[in-house]
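The first residue in the sequence is number 1, and the count goes up from there.
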Amino acid sequence: MTSSRRNGEAEVDRCIATIAARMNARVTEVSASIHSALEEEIPELRADVHTVELLGASVQGNVDTLLYALRHDIPATRIHLPSAGTEYTKRLAQRDVPLNALMRAYHIGQRRATELIFAELQAADVAPVDRFVVGRAIATRLFTYLDQVIQEVVAVYEGEREQWLDTRNSVRALCVRELLKGKESVDVDSATEQIRYPLRWHHLALIVWYPDTEAHSDELAELQRFVRGAAESAGTSGQPLFVADDQLSGWAWLPYRSARPDAVADIRAFAAAQRDAPNVAIGTMVPGLSGFRRSHRLAQDARTVALAGADTEHRVVAAEDPGLSVAALLGESIAEVREWVGDVLGDLASDTDNDARLRDTLQVFLRTGSSYKAAAAELGLHSNSVKYRVGRAVSRRGRPIAEDRLDVELALLICHWYGPAILRPGTA
């Protein structure tokens with residue numbers, strides 16, 4: 001490097017240092033100007049009164065650091081986010097302020113700082129040619145400073161956001177579990193604020209889960225996305241509540257200002273349209289804190305039946321499905337129920353494809369008032385085919401169904417929901 005070039009660079013450094021020193025003398029004014037610009041252009045930063053004071057401290061901390069770096073020609077790699085900037089970043093992460101708003105703040109802050117520095121440069125006693133060189137050097141240093149600081153801001157924000165959500169979700173989950181116990185009197189309004197969910201509204205509880213055999217990269221995140229999509233499809237009146245049960249399952253509640261009869265059908269349709277939808281158990285829609293608990297309890301019952309039946313056909317089950325509530329009541333006595341079903345249905349309770357078709361046909365026939373025509377319409381068969389299958393089902397049972405028809409219908413419902421878990425080993 002030639003002597004004249006070294007002297008030129010030194011002169012540029014001295015000029016930058018002089019400008020930075022002048023601005024440092026009125027650092028409070030400079031910081032206030034940047035602070036005002038940020039609040040004016042980014043509404044998210046003035047939405048929370050608790051962070052307004054921290055914003056001012058963060059701005060001044062960043063301005064102090066920037067001017068110090070300019071005065072002493074400190075490389076960007078040796079510059080770090082000031083403590084006030086770190087704390088402010090963490091607070092925004094905790095208050096759900098988008099990272100994008102924070103990034104805009106730094107870019108707008110740099111723009112305003114550049115305007116102020118260049119105004120100082122214009123007022124300085126510097127030759128026009130030299131002023132261009134100095135301006136270019138300042139712009140380069142400001143950019144490298146911004147790039148370095150933004151990397152730290154993103155790392156701090158994301159780290160704090162993850163930790164905060166883990167902590168908040170843990171506290172929220174604990175509160176929800178305490179609410180479900182129902183052992184103590186509850187201040188509903190206080191609990192609503194704690195879990196950020198409207199407990200006085202109507203609730204439709206869901207339990208969503210993936211089978212242990214299915215591999216997913218991030219099961220809980222996928223379950224939450226599914227619940228949000230289901231809530232949107234089912235026309236909820238607010239944001240759903242989701243609480244992790246374990247790594248493969250979660251509990252959810254969908255809030256409604258008033259009862260919505262089509263919600264279960266909407267959830268079924270949404271699940272059917274998803275390629276990798278989880279299994280879903282749905283409670284009933286009921287209001288208030290007691291409804292919050294009851295709907296969840298019924299969803300648990302539905303899930304118990306679905307798991308006991310191990311039937312992949314029923315990926316979505318609901319407490320309102322015919323016979324499911326009764327089947328759930330019998331779930332704790334599977335051995336005794338299996339024996340009773342065998343007594344009622346005889347060989348028709350065998351685990352074979354043929355007996356399954358006969359049971360389905362007989363079940364529809366009895367539900368439609370013993371009408372071959374109505375059953376044929378529902379099953380998409382000819383009435384003679386229905387008549388033949390009903391006759392075969394009665395034959396497999398070994399006795400007529402007129403005298404204990406109610407028992408037969410109940411046994412068929414239990415077979416429908418529990419499947420192989422309740423049936424005899426297959427026989428010819």
### Closest non-hydrogen atom pair, Ala113 against Ile34
CB-CD1, 4.1 Å
### Message
Could you measure the distance from the CG atom of Asp321 to the CD1 atom of Ile282? Nearest 0.5 Å is fine.
### Response
8.0 Å
#### Entry: Residues Asp189, Arg200; criterion side chain to side chain contact (heavy atoms under 4.5 Å, CB included); working and verdict
CA-CA 8 Å; Asp189 294 327; Arg200 293 189 183 279; 3.0 Å; yes
### Task
Determine the minimum heavy-atom distance between His107 and Ile150, stating which atoms define it.
NE2-CD1, 3.6 Å
### Summary
Tightest non-hydrogen contact, residues Pro255 and Pro240, listed as CD-CA, 4.0 Å
### Message
Take a 6.0 Å sphere around CD of Glu339 and say whether it holds more than 12 heavy atoms from other residues, nucleotides or ligands.
### Response
no
### Query
Under a 4.0 Å N-O cut-off, is there an ion pair linking Arg424 with Asp355?
no
### Flag if over 12 foreign heavy atoms under 6.0 Å of CZ, Arg141
yes
### Message
So which atom in Cys415 and which in Ile422 form the shortest heavy-atom distance, rounded to 0.1 Å?
### Response
CA-CG2, 3.9 Å
### Message
So which atom in Val386 and which in Ala375 form the shortest heavy-atom distance, rounded to 0.1 Å?
### Response
CG1-CB, 3.9 Å
### Task
Measure the CZ-CG distance between Arg71 and Asn24 for me, rounded to the nearest 0.5 Å.
5.0 Å
### Task
For residues Trp253 and Phe292, establish whether the separation of their ring centroids is below 6.0 Å.
yes
### Message
With a 6.0 Å cut-off (strictly less than), is the heavy-atom count around CD of Glu40, excluding the residue itself, greater than 12?
### Response
no
### Value rounded to 0.5 Å, distance of CG in Leu254 from CZ in Arg260
10.5 Å
### Message
Determine whether a donor-acceptor pair (N or O, by modelled atom type, separation under 3.5 Å) exists between the side chain of Ser295 and the backbone of Gly291.
### Response
no
### Task
Take atom CG of Asp353 as the centre, draw a 6.0 Å sphere, and report whether it contains more than 12 heavy atoms from other residues, nucleotides or ligands.
no
### Message
To the nearest 0.5 Å, what is the distance between CD on Glu115 and OG on Ser33?
### Response
8.0 Å
### Residue of the set Leu241, Val227, Ile207 for which side chain to side chain contact (heavy atoms under 4.5 Å, CB included) holds with Trp251
Ile207
### Query
Side chains of Arg257 and Ser237: do they bring a donor and an acceptor to under 3.5 Å?
no
### Query
Looking just at side-chain N and O atoms, do Tyr210 and Glu222 make a donor-acceptor pair shorter than 3.5 Å?
yes
### Message
Please check if the number of heavy atoms outside Gln274 that lie under 6.0 Å from its CD is greater than 12.
### Response
yes
### Message
Salt bridge check, Asp276 against Arg225: does any charged N sit closer than 4.0 Å to a carboxylate O?
### Response
no
### side chain to side chain donor-acceptor pair (under 3.5 Å) contacts touching residues 79-88 (sequence neighbours left out)
His80-Glu152, Glu87-Arg91
### Task
Quick one: do Arg389 and Asp360 satisfy salt bridge (Lys or Arg N to Asp or Glu O under 4.0 Å)? Show the steps, please.
CA-CA 10 Å; Arg389 288 190 183 181; Asp360 288 344; over 6 Å; no
### Message
Tell me the closest heavy-atom pair linking Thr89 and Leu102, and the distance in Å.
### Response
CG2-CD2, 3.7 Å
### Query
What is the distance from atom CD1 of Ile79 to atom OG1 of Thr144, rounded to the nearest 0.5 Å?
6.5 Å
#### Entry: Salt bridge Glu41-Arg112, side-chain N to carboxylate O under 4.0 Å
no
### Message
Under a plain distance cut-off of 3.5 Å, with no hydrogens placed, do Asn62 and Tyr106 share a side-chain donor-acceptor pair?
### Response
yes
### Task
Output yes when Glu158 and Arg161 qualify as a salt bridge under the 4.0 Å nitrogen-oxygen rule, no when they do not.
no
### Task
For the pair Asp73 and Arg14, find out whether any cationic side-chain nitrogen is under 4.0 Å from an anionic carboxylate oxygen.
no
### Task
Please report the C-alpha distance between Arg268 and Asp262 in whole Å, then the side-chain angles of each, then the deciding distance to 0.1 Å, and finally whether the salt bridge (Lys or Arg N to Asp or Glu O under 4.0 Å) criterion is met.
CA-CA 10 Å; Arg268 286 188 191 277; Asp262 297 333; over 6 Å; no
### Message
What verdict does the side chain to side chain contact (heavy atoms under 4.5 Å, CB included) test give for Ile19 and Ile117, after you've listed the backbone C-alpha separation in whole Å, the side-chain angles of each residue and the deciding distance to 0.1 Å?
### Response
CA-CA 7 Å; Ile19 292 170; Ile117 291 173; 4.2 Å; yes
